[in-house]
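Working notes for the structure below.
Values reported hereafter were calculated over all heavy atoms of this structure, with side chains retained and with hydrogens, waters and symmetry mates removed.
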Amino acid sequence: MGRLVALSLLGIGLALLGERFLALRNRLKASREVESVDLPNCHLIKGIEAGAEDIDILPNGLAFFSVGLKFPGLHSFAPDKPGGILMMDLKEEKPRALELRVSWGFDLASFNPHGISTFIDGDDTVYLFVVNHPEFKNTVEIFKFEEEENSLLHLKTIKHELLPSVNDIIAVGPAHFYATNDHYFSDPFLKYLETYLNLRWANVVYYSPDEVKLVAEGFDSANGINISPDKKYVYVADILAHEIHVLEKQPNMNLTQLKVLQLGTLVDNLSIDPSSGDIWVGCHPNGQKLFVYDPNNPPSSEVLRIQNILSEKPSVTTVYINNGSVLQGSSVATIYDRKLLVGTLYQRALYCEL
């Protein structure tokens, strides 16, 4: 009798594992293949060879690139080189990506930048917020951008127990931000288990010098985050659920869910066109190719444009798709004055004139 019970429990366990495996493949869109949707007037950006995971553009056309991300389970084309922040002036006729100098005292050797966000204070001071993973830990770094010197002055390192697995960030003040945790746990094995079992424990945290609190939860894997031009709504990409959540910002900085937009792809970082409010999304058509890297069958890239997301029927347009022959693993797409920038997790970056 005991053996029969043991065999029954084993069978149930194996069935559960099998069901979770098939569910994970579906969440990764592991069987999806794409046909290219090309754009004219595009070229790869010189000097970016190992990823530009996130991009943020100032109103004056200065674009910041977070480059060189290294992450457990992700391929890297420059595993021994620390990451950095590059800048490109999109108002130049032929803009080039230049690396910004970082002030003395900041540990550049372990710099591993992920999501970034800029904030312009009332006195026109520009702050750059950077999600950093030194030695695969989780911090948020705040820099002051010094334009005349093309440099970043490091101001503060933020660590907190409510920021165990930070992915992206949107600054809402000189030391205030919303951040996504793509996992509840910080331990790599527990992260994998959390993803495999689809626990939906990922969340969004609000941070200020006076208060740190959980403001949204229940995500499969909370990823990109951004805010509407009128500052009333916060958008969160749930990459493995193929969703964008629209959250209304309350006076106390809490977030209330308003709606969810379902998409048929893995949505990564979100960028906002400040003039129209359109959302530009870097996407992964096939997540399995992203995490199981094969140079003969590389991950593809996809860019979506979402218009009128607050309406009953938002417009979703596929702007660009590539099967990996040009661009592998697009993680962000952002626009400035009809210039489109597309960054990737660990490969190149694309510049297009629309």
Side-chain angles (χ1 to χ4, degrees), residues 48 50-58 62-71 74 76 78 81-88 97-121 125-147 149-160 162-182 186 204-209 212 222-227 268-271 282 331-332 334 341 343-346 349:
I48 298 179
E53 198 279 337
D54 202 5
I55 305 170
D56 200 14
I57 305 176
L58 294 176
L62 294 180
F64 297 92
F65 297 75
S66 165
V67 301
L69 175 67
K70 264 101 32 206
F71 218 64
L74 279 184
S76 175
K81 183 180 178 181
I85 302 295
L86 305 187
M87 186 185 73
M88 175 184 282
L98 304 173
E99 186 164 4
L100 294 177
R101 294 184 295 106
V102 180
S103 60
W104 291 101
F106 180 75
D107 184 9
L108 280 173
S110 66
F111 195 27
N112 191 10
H114 198 165
I116 61 174
S117 178
T118 56
F119 179 81
I120 303 175
D121 211 347
T125 300
V126 177
Y127 298 95
L128 178 68
F129 291 64
V130 182
V131 176
N132 187 22
H133 304 292
E135 299 175 350
F136 302 125
K137 297 180 175 66
N138 292 270
T139 67
V140 172
E141 314 291 347
I142 302 179
F143 299 91
K144 177 184 176 183
F145 172 54
E146 299 183 318
E147 186 173 352
E149 291 80 22
N150 280 341
S151 66
L152 296 171
L153 174 64
H154 184 250
L155 300 178
K156 189 175 184 180
T157 295
I158 295 170
K159 302 177 184 178
H160 197 275
L162 289 181
L163 300 170
S165 185
V166 193
N167 187 298
D168 197 18
I169 188 169
I170 180 65
V172 292
H176 312 66
F177 58 84
Y178 290 101
T180 55
N181 286 303
D182 52 26
S186 57
V204 178
V205 169
Y206 171 71
Y207 178 94
S208 76
V212 185
N223 197 292
I225 186 169
N226 218 310
I227 195 166
D268 202 320
N269 287 313
L270 309 174
S271 299
S331 55
V332 61
T334 186
L341 302 175
T344 66
L345 268 177
Y346 44 64

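- The side-chain contact (heavy atoms from CB on, under 4.5 Å) test applied to Asn138 returns His133, Val166, not counting sequence neighbours.
- Annotation: Phe143 is not in aromatic contact with Phe129 [ring centroid separation under 6.0 Å not met].
- Between Tyr206 atom OH and His176 atom NE2 the span is 5.0 Å, to the nearest 0.5 Å.
- Listed by first and then second residue, the salt bridge (charged side-chain N to carboxylate O under 4.0 Å, His left out) pairs involving residues 163-181 amount to none (not counting sequence neighbours).
- Under the side-chain contact (heavy atoms from CB on, under 4.5 Å) criterion, Asn226 pairs with Ile170, Leu270, Ile272, sequence neighbours left out.
- Using a 4.5 Å heavy-atom threshold, the side chains of Tyr207 and Ile158 count as touching.
- Side-chain N or O atoms of Ser165 include none that pairs as donor or acceptor with a backbone N or O of Asn181 at under 3.5 Å.
- Side chain of Asp54 to main chain of His114: no donor-acceptor pair is present (N/O by atom type, distance under 3.5 Å, no hydrogens or angles).
- Looking at Pro134 and Phe111, their side chains never come closer than 4.5 Å, going by heavy atoms from C-beta outward.
- Here the side chain of Asn269 pairs no donor or acceptor atom with the backbone of Gly282 at under 3.5 angstrom.
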Between Ile120 and Thr125, does the side chain to side chain contact (heavy atoms under 4.5 Å, CB included) criterion hold? Intermediate values first, please. CA-CA 6 Å; Ile120 303 175; Thr125 300; over 6 Å; no
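- Not a single donor-acceptor pair under 3.5 Å links the side chain of Arg101 to the backbone N or O of Leu153.
- Atom OG of residue Ser103 and atom CG of residue Leu152 lie 8.0 Å apart, to the nearest 0.5 angstrom.
- For the atom pair CD1 (Ile116) and CD1 (Ile55), the distance works out to 8.0 Å, reported to the nearest 0.5 Å.
- Interatomic distance, Leu341 CG to Thr334 OG1, rounded to the nearest 0.5 Å: 6.5 Å.
- Closest of all the heavy-atom pairs between Ala349 and Ala52 is CB-CB, 4.2 Å.
- To the nearest 0.5 Å, atoms CG (Asn112) and CG (Asn132) are separated by 6.5 Å.
- Taking the ring centroids of Phe71 and Tyr346, they lie at or beyond the 6.0 Å cut-off.
- The backbone N or O of His154 sits nowhere less than 3.5 Å from a side-chain atom of Lys156 that would complete a donor-acceptor pair.
- Phe145 pairs by the ring pair (Phe, Tyr, Trp, His ring centres under 6.0 Å) definition with Phe64, not counting sequence neighbours.
- Pairs passing the salt bridge (charged side-chain N to carboxylate O under 4.0 Å, His left out) check and including a residue from residues 129-141, sequence neighbours excluded, read Glu135-Lys137.
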Do Leu98 and Leu86 pass the side chain to side chain contact (heavy atoms under 4.5 Å, CB included) test, and can you show the C-alpha distance, the side-chain angles, and the key distance before you say yes or no? CA-CA 5 Å; Leu98 304 173; Leu86 305 187; over 6 Å; no
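- Atom CG in Leu58 sits 8.0 Å away from atom CD in Glu147 (nearest 0.5 Å).
- By the 4.5 Å heavy-atom criterion applied to side chains, Ile57 and Leu62 are not counted as neighbours.
- For Asp56 (side chain) and Thr118 (main-chain N/O), a donor-acceptor pair under 3.5 Å exists by modelled atom type.
- Residues that satisfy the side chain to side chain donor-acceptor pair (under 3.5 Å) test with Ser110, not counting sequence neighbours, are Asp107.
- Panel note: side chain Ser151, backbone Val102; no donor-acceptor pair is recorded below 3.5 Å.
- Checking side-chain atoms of Thr180 against main-chain N and O of Asp182 turns up no donor-acceptor pair under 3.5 Å.
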